[in-house]
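To start, the structure under review is shown below, and the notes come after it.
Sequence lines set the chain letters: A, B, ... in the order given, protein chains first and strands last, and positions in each chain run from 1. Heavy-atom basis, side chains included; hydrogens, waters and symmetry copies ignored.
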2 protein chains.
Amino acid sequence: MERTIGKFNPQPKHAAGEVTISCESCLVRDQALCGKLNVDELIAINQISRRRRLKAGQRITLDDEAPEYFGIVLSGSVKLTKVLPDGRQQIVGLLFPSDFVGRPFEQQAGCHAEAATDVNLCAFPAGPFERLARDYPAIQHQLFRFALSQLSAAQDWMLLLGRKTAREKVISLLLMFAGRLSETGCAAGKTSNRLEFALPLSRSDIADYLGLTLETVSRQFRVLKSEELIRLHGSRGVTILDLDRLRASFSHPTA
Amino acid sequence: MERTIGKFNPQPKHAAGEVTISCESCLVRDQALCGKLNVDELIAINQISRRRRLKAGQRITLDDEAPEYFGIVLSGSVKLTKVLPDGRQQIVGLLFPSDFVGRPFEQQAGCHAEAATDVNLCAFPAGPFERLARDYPAIQHQLFRFALSQLSAAQDWMLLLGRKTAREKVISLLLMFAGRLSETGCAAGKTSNRLEFALPLSRSDIADYLGLTLETVSRQFRVLKSEELIRLHGSRGVTILDLDRLRASFSHPTA
DNA sequence: TGCATCCCTTGATCAAAATCAACCTGCCGC
DNA sequence: GCGGCAGGTTGATTTTGATCAAGGGATGCA
């Protein structure tokens with residue numbers, strides 16, 4: 001389903017550290033919600049978009065404040081976390097390129113959002129974006145569908161958190177990364193069964209994502225390595241040596 | 001923000017076991033998504049709605065099939081579960097009166113939905129409802145907002161599943177029930193600090209909701225009972241004797 | 001070059017919750 | 001009233017992953 005944007009010339013509006021971008025050259029457009037919009041809607045959304053660069057660790061929103069902007073991840077990953085009063089924390093969502101960041105029409109962000117790696121964002125100021133969503137039902141429709149896919153992912157993760165063992169959690173995480181990172185072109189896959197990529201999270205973040213301690217995560221990586229299922233390079237690099245065998249040894253080591 | 005439906009006479013269409021209902025007498029309308037619709041939208045939605053009664057345990061959808069209808073819970077509770085190939089299962093959502101059941105525009109339901117108790121549903125056939133959602137942006141808007149609130153609840157639950165202790169999980173569950181059941185009028189609260197209600201789930205379902213075993217759930221109930229925080233009547237009846245003290249003894253028993 | 005820091009790994013021990021196993025209890029049909 | 005059964009409780013034991021503790025390796029800076 002090919003689409004052309006046609007000719008349009010959004011008036012460039014410049015502000016400190018921000019540049020007007022054009023959807024024409026956008027690499028994630030087809031996978032993002034913009035990919036399903038028509039030319040008018042795309043022009044409208046392009047008019048209010050500003051590129052934003054975030055360094056790893058940079059906060060986007062606090063859980064109890066209304067965010068000033070929403071956005072679509074162009075590169076890198078954004079993590080969403082919830083924290084208990086005593087400091088225990090849980091990563092409740094991880095956003096990859098083409099994912100939408102933020103909750104239009106909600107008063108509170110609901111969780112802390114921060115850049116897990118360096119991030120490029122196609123950002124939309126909250127107010128104008130909400131107006132656009134109201135004016136163009138197609139935008140609202142795409143937002144709804146994205147919310148449903150996020151809900152579905154959250155429910156899969158609940159099954160993981162509530163019922164899977166440490167080994168199964170780590171393998172599920174690797175397979176999830178393999179899926180998301182290869183579809184967004186962030187993985188260097190040799191064959192269909194072998195895949196190399198950089199983990200977007202530290203050991204401690206992985207622990208907070210899986211509901212484990214970082215020691216347990218580290219040990220499980222070591223176990224998978226000793227089974228020749230994965231290879232580790234430095235602290236962030238991973239190679240899945242055999243995706244099928246990794247899936248097969250989900251619950252128990254395979255001979 | 002008062003609303004009136006005005007006069008309208010939907011043509012009654014009868015089918016086996018189904019009756020046309022009127023939104024005028026609907027008890028959950030104000031809290032459900034219908035509460036935010038205008039007269040035209042309400043009439044349109046009323047035209048396609050059929051009341052449906054489900055007995056406890058009755059299946060609504062399987063996770064890999066497209067549901068034939070969506071609905072709004074009028075009474076009772078609906079549980080959403082995910083299952084691992086070996087049978088381990090996790091309840092990933094619980095729907096109360098005024099909540100919307102189903103995922104419009106998705107090909108698969110994503111999880112098993114079944115009546116946890118006897119349920120009354122205001123049901124909408126899938127196709128016509130999706131057409132309505134496309135025709136009336138306000139309906140889509142309400143669906144979107146409901147999806148966001150579900151997402152938020154799911155994320156709170158992820159924090160519970162990943163980071164809370166058994167005691168904290170059980171207390172969180174009781175407080176969640178207290179909130180949802182009292183706002184939907186299903187609890188007999190004596191004072192603001194004391195609340196009595198029937199658990200909508202069996203011990204084993206509670207275990208599947210909290211990511212625990214049923215033995216652990218049973219033991220935690222017993223502990224809370226011995227601390228005089230709750231009282232148990234039969235297997236489903238609970239009285240929270242002091243909501244504040246229950247909240248305060250979240251992590252550790254209070255003297 | 002050396003020191004400090006951050007992140008990760010590894011080992012020893014501990015504890016929370018799972019598992020295994022009876023045993024109640026209330027409810028149903030007969 | 002009696003047997004059977006589902007759901008719930010209780011106890012003994014085991015296990016998984018947490019906790020406590022120490023050490024390693026990369027990176028940055030003086």
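If you measure from atom CZ of A/Arg236 to atom P of D/dA26, you get 16 Å, rounded to the nearest angstrom. For the pair A/Arg167 CZ and D/dT16 C1', the interatomic distance rounds to 14 Å; values are reported in whole Å. Per the geometry, CG belonging to A/Leu199 stands 13 Å off C1' belonging to C/dC7, to the nearest Å. When the C1' atom of D/dG17 is taken as reference, atom CG of A/Leu214 falls 13 Å away, rounded to whole Å. Regarding A/Arg163, its CZ atom lies at a distance of 11 Å from the C1' atom of C/dA17, rounded to whole Å. Atom CD in A/Gln220 sits about 13 Å away from atom C1' in D/dA18, given to the nearest Å. What separates NZ of A/Lys164 from P of C/dA18 is a distance of 18 Å, to the nearest Å. Look at CD on B/Glu215: it is 16 Å from P on D/dT14, rounded to the nearest Å.
Looking at A/Asp205 and A/Tyr209, their side chains never come closer than 4.5 Å, going by heavy atoms from C-beta outward. Looking at heavy atoms from C-beta onward, A/Leu241 lies in side-chain contact with A/Arg231 at the 4.5 angstrom threshold.
Sequence order on DNA chain C of the closest nucleotides to B/Gly211 and A/Leu232 puts A/Leu232 first from the 5' end.
Applying the 4.0 Å criterion to OP1 and OP2 of D/dA18, one finds that A/Thr216 has a side-chain N or O inside that range.
Listed here is the closest heavy atom pair of A/Leu74 and A/Cys26: CD2-SG, 4.0 Å.
Remark: A/Arg103 fails to qualify as a cation-pi partner of A/Phe70 under the 6.0 Å distance and 45° angle criteria applied to the six-membered ring.
The residue from A/Asn120, A/Val101, A/Leu54 that alone fulfils the side chain to side chain contact (heavy atoms under 4.5 Å, CB included) condition with A/Val73 is A/Val101.
Comparing the axis of the opening five pairs of the helix from C/dT1-D/dA30 to C/dC30-D/dG1 with that of the closing five pairs yields an angle of 30°, rounded to 10°.
Residue B/Thr213 is classed as a base contact, given a heavy-atom separation below 4.0 Å to a base.
Donor-acceptor pairing under 3.5 Å, judged by distance alone, is present between the side chain of B/Arg219 and the base of D/dG11. Under 3.5 Å, the side chain of B/Arg203 and the base of D/dT10 form no donor-acceptor pair of N or O atoms.
A donor-acceptor contact shorter than 3.5 Å is absent between the side chain of B/Arg203 and the backbone of B/Leu214.
A salt bridge links B/Asp156 to A/Lys82: at least one charged side-chain nitrogen sits closer than 4.0 Å to a carboxylate oxygen.
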